[in-house]
K.L.:
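I'd like to ask you about the structure that follows.
Quantities reported herein were computed from a predicted structural model and do not represent experimental measurements. Every number for a ligand or one of its atoms is a count from 1 in the order of the listing. Computation of the quantities below employed the complete heavy-atom set of this structure, encompassing side-chain atoms and omitting hydrogens, waters and symmetry-equivalent molecules.
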Amino acid sequence: MSDTVAICSRREFLGQATCALHLGLMAAATPWWARRAWSEQERFPVVASEPWGRLEHVAEGVWALVSTPLEDRTTLCNGGIVAGRAGVVLVESFATGNGARWMAEQARRLTGRAPTHVVLTHYHSDHTGGLAAVGEGNVDTLATNVTRDLTGDRNQGAPLELLADAVVLDARRPTEIDLGDRSIIVVPRRGHTDSDVSIEIPEARTVFCGDLVWNGMFPNYVDATPSRLSREVRVMRAANATTYVPGHGPLADAAALDDYIGLLDHVEDAARRALQRGMGADEAGAEYRLPAGLGSWTLFSPGYFARALGAWMSELRG
Ligand SMILES: [Zn+2]
């Protein structure tokens, strides 16, 4: 593997129910040019910029946070704000209370109102850790029952009472959130975890993808069902949106999503070849190289290759 990856031990990334817990190590070892390339990929006007991320104005009433976790882990994951006349939706509650509070403040500053809804795309702690800071008062927390339960069961210090009051999203059919002059659609999906949702704003041709999509960073397969992940991403691509907000990394357009689908297929092919050759996941991961032409992608951990290949190999073995 190239010098774009940091080195940390297996013990540091195995067994963590999160997308990205050891980012401090990664940041220290990420070359300056990779960090700069990532942070320079702005697609829309930036309305707020902090060490932990930048808020881009994607469309009327739609803002996307691109976290820059190699610098600062206050928010860690991406997310956003969607405002209508009758409500303001926060997408994700971020890694920390400070991150979640900062996003709620941005919602007030940009829309004149506090968030009315918080939608959790999945249970991982870098997306839900700040829930207690924004989920109280007149805010509805929306999550599937699986996401609600796993957030409470697996994430230390999760706000259990607040989760018990969450509005449970239908896990089979899309849910429309009526914001008065606009609606957003929450679509149940699966693949990064057992329960993911995407948040779709058709008239803005924008999809918040949660961790089903990563851009500029190799995805974490820690809880993945790889074939399902690949299918769900293709379904989102078929929507032909112009902006896909990934769970991590800069905002993606359709071409960037095609690159990501190519990467997912590349990983699948590598896993199939490794099985044919009788290799284990660690050996296959050590040998794996990103597709030529993908550009300067990075990883939270070099162990993510072995994890991705191992997830595919165990699914293919059945
Ligand atoms: Zn995740």
K.L.:
Measuring to the Zn ion (ligand 1), does His192 have an N/O/S atom at a distance below 2.8 Å?
P.N.:
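Yes, since at least one N, O or S atom of His192 sits under 2.8 Å from the Zn ion (ligand 1).
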
K.L.:
Please list, chain by chain and in numerical order, all residues satisfying side chain to side chain contact (heavy atoms under 4.5 Å, CB included) with Arg172, sequence neighbours excluded.
P.N.:
Asp170

K.L.:
Not counting sequence neighbours, which residues clear side chain to side chain contact (heavy atoms under 4.5 Å, CB included) with Ser195? List them please.
P.N.:
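Result, side chain to side chain contact (heavy atoms under 4.5 Å, CB included) vs Ser195: Thr144, Val146, Thr147.
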
K.L.:
For the Zn ion (ligand 1), which N, O or S atom of Asp211 is at the shortest distance?
P.N.:
OD2

K.L.:
Take Glu200 and Arg189, measure what salt bridge (charged side-chain N to carboxylate O under 4.0 Å, His left out) needs, and give me the verdict at the end.
P.N.:
CA-CA 12 Å; Glu200 316 204 350; Arg189 301 191 183 279; 2.9 Å; yes

K.L.:
Of all the N, O or S atoms in His124, which one sits nearest to the Zn ion (ligand 1)?
P.N.:
ND1

K.L.:
Evaluate the ring-ring contact (aromatic ring centres under 6.0 Å, His included) criterion for residues His127 and His192: first the C-alpha distance (whole Å), next the side-chain angles of each, then the deciding distance (0.1 Å), finally the verdict.
P.N.:
CA-CA 13 Å; His127 298 250; His192 174 67; 7.3 Å; no

K.L.:
So, of the N/O/S atoms that His122 has, which is the nearest one to the Zn ion (ligand 1)?
P.N.:
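Nearest N/O/S atom of His122: NE2.
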
